[in-house]
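A note on names: the letters A, B, ... follow the listed sequences, proteins ahead of strands, and every chain is numbered from 1. The figures that follow rest on heavy atoms only: side chains count, while hydrogens, waters and symmetry mates do not. In this text the structure is predicted, and so the values were computed from the model without any measurement.
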Amino acid sequence: MSRRVDELRSALCDAAERAAEVLRHERRAVVLSRLVETAGRRSWIAAIGVALIVLGGGAGAWADAGGIALGLALVAAILVLVNEVSAARVVDERDALSRWDTELATHDRLLTAHEFLAAGQRNGFMQAAIDDARPALDRARGIELRRATSGASLWHAATSQSARNGLAAGLLLILCALLLRPYVSSERTSATPGAEIARVAGTRASPPTSVHSRDPRGTELETLAPPATTQPPGGREAAEEGESGEIPDSSRDTRGATGEGRSAEASSSHGAGQSKGVPSAQGQVSVPAESKKKPRKRKRPGAPDATPAENKKKGDEEKSGSTAGSGAASGSNRNPSTSEWSSKDQVSETDDDPVEDDSDVDDEDSESEARGGMQPNLRDRRPPVNRDLSVGFGNQSDEESNGRGGPGQTKKSRGTASLVLGVPIPDHIKGQPNPGRTKITQERVEPKNDDAAQVAASERGPRNGPTGHIARPHMTPWMRALVRAFFLSEDGGPSGASPRAEN
Amino acid sequence: MTDDATTARDEAARFRETYERIREQVGRMMVGQDDVIEGVLTALFAGGHVLLEGVPGLGKTMLVRCLSRAVNLQFSRIQFTPDMMPADVQGTSVLVETEGGGHKLEFQEGPLVANLVLADEINRATPKTQSAMLEAMQERQISVGRRTIVLDEPYCVMATQNPVEQEGTYPLPEAQLDRFLMKLVVGYPTEDEYHAILDRTTGDDDVTIDSVSDGAEILSLRHVVRAVPVPDETQAYAVRLVMGTQPGSKYAPALVNDYVALGSSPRGAQGLLLTGKVKALLGKRHAVSTDDVRAAAHAVLRHRVLLNFRAQSDGVSADDVVNAVLETVTAPHAG
């Protein structure tokens with residue numbers, strides 16, 4: 001018996017080993033196909049990265065053949081790693097036997113036998129179930145477990161609709177990036193630091209700009225810039241010089257001469273890194289008069305100062321350099337600069353502050369003040385809602401009610417309080433200016449016994465007095481028969497019968 | 001092969017033999033409807049109750065009548081109507097005349113006191129009367145006043161109902177639906193079956209059904225069914241299936257989360273395993289497999305899944321939900 005069981009157990013283990021190999025292969029294929037499908041589906045994300053690399057600053061480092069080869073090698077390494085990891089996974093014996101059951105359509109006979117063999121105590125049905133596994137094992141010995149065609153699944157994963165869509169999107173992105181790359185690179189080449197400085201310097205030198213600045217004493221100063229020309233020859237020259245790597249003198253002068261305050265033009269021409277953190281005194285002057293007149297809406301105590309989106313936008317504005325810069329703007333880019341170049345940008349409607357309706361603002365402010373208890377709101381001066389609870393014809397209002405809720409004294413006196421004794425009931429007495437009050441006098445009296453002679457029940461005798469009217473007098477039978485005979489004779493009935501005879 | 005195994009094989013063979021005998025007798029009268037007949041017999045051997053649903057005229061009542069004759073059990077039939085009261089099915093005290101001219105109250109048992117009860121058109125009764133059967137179906141006893149009547153085993157209620165959408169019907173309460181082991185849907189016969197039905201029912205030949213079993217044998221075979229072991233794999237699969245019908249569980253597919261208001265109770269898992277045991281014996285196996293549970297899923301779970309309004313508006317049926325669960329849920333070691 002035990003030998004048969006051992007044989008069966010070893011046969012099951014053998015079958016499980018054989019199935020485990022197949023399962024490892026299938027799982028590896030499944031993992032790879034999932035990887036391929038997911039990669040295909042998400043390839044547009046990778047394509048965005050590639051496009052950014054191609055278009056971005058690292059194009060020179062990554063777009064060459066070495067970078068591409070490195071990327072391909074990385075992908076191959078990931079695939080190999082996944083393959084090895086999935087192959088190294090231990091396959092459970094039950095999984096392997098379940099695979100055999102599926103293959104042979106044995107209705108879990110092998111898996112059941114494996115479980116029942118491990119059971120400590122077996123009843124007849126369990127032993128019979130173990131025996132049922134023998135024919136299935138014999139069949140399993142004779143055949144090889146078929147592997148699922150991994151190529152087909154890989155192909156299926158690679159050609160699935162989502163993978164194809166993702167792949168197409170990714171390829172389009174990369175293609176666009178490659179097509180745009182020459183233009184971007186040429187712009188970038190022309191936008192070398194020296195050339196940029198020269199270009200800015202040339203532009204800067206052109207218009208006569210009245211720049212407001214504030215000296216340390218607080219007085220407004222007006223600085224006149226060189227006269228404006230649309231395309232100053234000096235600017236082009238400066239640009240050419242900038243391309244050659246030299247910084248023009250005008251630019252140097254501007255940097256050095258303006259010093260700490262640094263004119264708005266200078267701060268706007270340079271990047272955010274330079275203009276940040278050095279707030280220009282102009283900014284304090286350039287606050288529009290309207291904004292002083294009409295204070296901004298007061299922020300709520302718990303509200304944050306600015307949303308992240310607003311901060312981001314603000315930061316973008318600062319970095320753009322097209323406006324007066326962060327140092328000059330101080331919350332608003334409406335800088336009344338006389339520079340044609342800068343004022344064009346600054347006066348345009350790029351200010352993100354929404355145009356506020358004055359009436360709305362006033363209304364809200366007054367409401368907020370009223371809420372704070374500083375001053376009552378005019379709206380609250382309306383009489384309160386009438387809560388007259390009277391029920392009557394036409395719901396006539398209580399004349400004596402003061403309109404501040406609830407019925408008047410007359411109505412109040414009709415309530416439950418009037419039914420309870422001893423409760424002072426306020427009442428309204430006509431002719432008096434105020435409601436009167438009923439006075440209730442309470443007197444404390446000790447209870448006293450009432451002295452009376454006791455009468456014993458046995459001493460009560462029969463009634464002696466007249467009994468009063470008796471409705472039905474006592475009649476003897478012959479008298480009753482006589483009356484009956486009389487009325488019967490009156491009705492025409494037989495009258496011959498003597499009353500006595502009837503009785 | 002040990003003696004225990006031999007005994008188990010003999011018991012299983014006896015079960016199959018009895019099953020086939022009863023099946024043959026019922027098949028004399030019934031044409032087609034193999035799944036329904038198998039379901040009814042499965043419920044009888046598993047110790048459960050059956051709900052047969054179908055339009056009138058498909059032989060639901062006749063099937064139960066034939067079965068009662070074949071197994072020679074005490075049979076009673078209740079035709080449910082909207083004005084029926086609980087006392088009409090459970091029994092009540094009636095005034096009877098004694099020998100000396102006096103009167104006394106005597107309890108008269110209702111039609112629920114039998115072995116095989118045919119509750120015909122159960123959804124025509126009001127919920128109050130329908131609920132009067134709850135105790136009989138679950139605890140196998142009836143409480144009327146201070147009297148408790150223990151029902152004899154085997155006890156099986158086979159109820160028929162018209163589709164709930166028909167007029168003049170009251171949908172069965174969930175508590176009572178849950179007490180039915182299976183809900184079998186009786187469909188229209190095929191063209192060939194129509195010919196066979198007409199030949200049998202419109203001719204001069206009388207079909208007789210012999211009693212081939214009795215209550216004692218049915219009871220002993222119920223013990224055989226209960227002795228069939230259930231592997232862990234199969235039990236886990238049954239539990240997963242039941243949990244798969246419950247919205248919000250980790251095995252529930254999207255269809256269940258969208259369309260199911262109430263999933264199956266643990267009685268559903270019990271029903272899956274009991275039905276699976278019968279199917280395993282009929283399949284000449286001595287342990288329940290996941291395929292047995294899978295085969296029983298529709299009949300056992302379809303009436304335990306309560307659909308929401310969205311499912312009704314989208315035309316999603318309980319069978320669709322069970323199909324989705326079967327497609328999604330797998331056994332622990334199946335691939």
Inset, instruction - Would you name the heavy atoms of A:Ala128 and B:His286 that are closest together and state the gap between them? - result: CB-CG, 3.6 Å

Legend entry - Residue pair B:Glu233 / A:Glu115: nearest heavy atoms and the distance that separates them: N-OE1, 3.8 Å

Inset, instruction - Enter the distance from A:Leu111:CG to B:Thr234:OG1 here, rounded to the nearest 0.5 Å. - result: 7.5 Å

Legend entry - Heavy-atom check, side chain of B:Arg9 versus side chain of A:Asp132, under 4.5 Å: yes

Inset, instruction - Identify the heavy atoms of B:Ala8 and A:Gly124 that sit nearest to each other, and give their distance. - result: CB-C, 3.5 Å

Residues 268-278 of chain B, side-chain donor-acceptor partners within the protein, below 3.5 Å, at least two apart:
residue	atom	partner	partner atom	Å
B:Thr275	OG1	B:Gly271	O	2.6
B:Lys277	NZ	B:Arg226	O	3.2
B:Lys277	NZ	B:Val228	O	3.2

Inset, instruction - Please report the closest heavy-atom contact between A:Asn123 and B:Ala227, naming both atoms and the distance. - result: ND2-O, 3.9 Å

Inset, instruction - Over all heavy atoms of both residues, which pair between B:Ser289 and A:His107 is shortest? Give the atoms and the distance, please. - result: CB-O, 3.1 Å

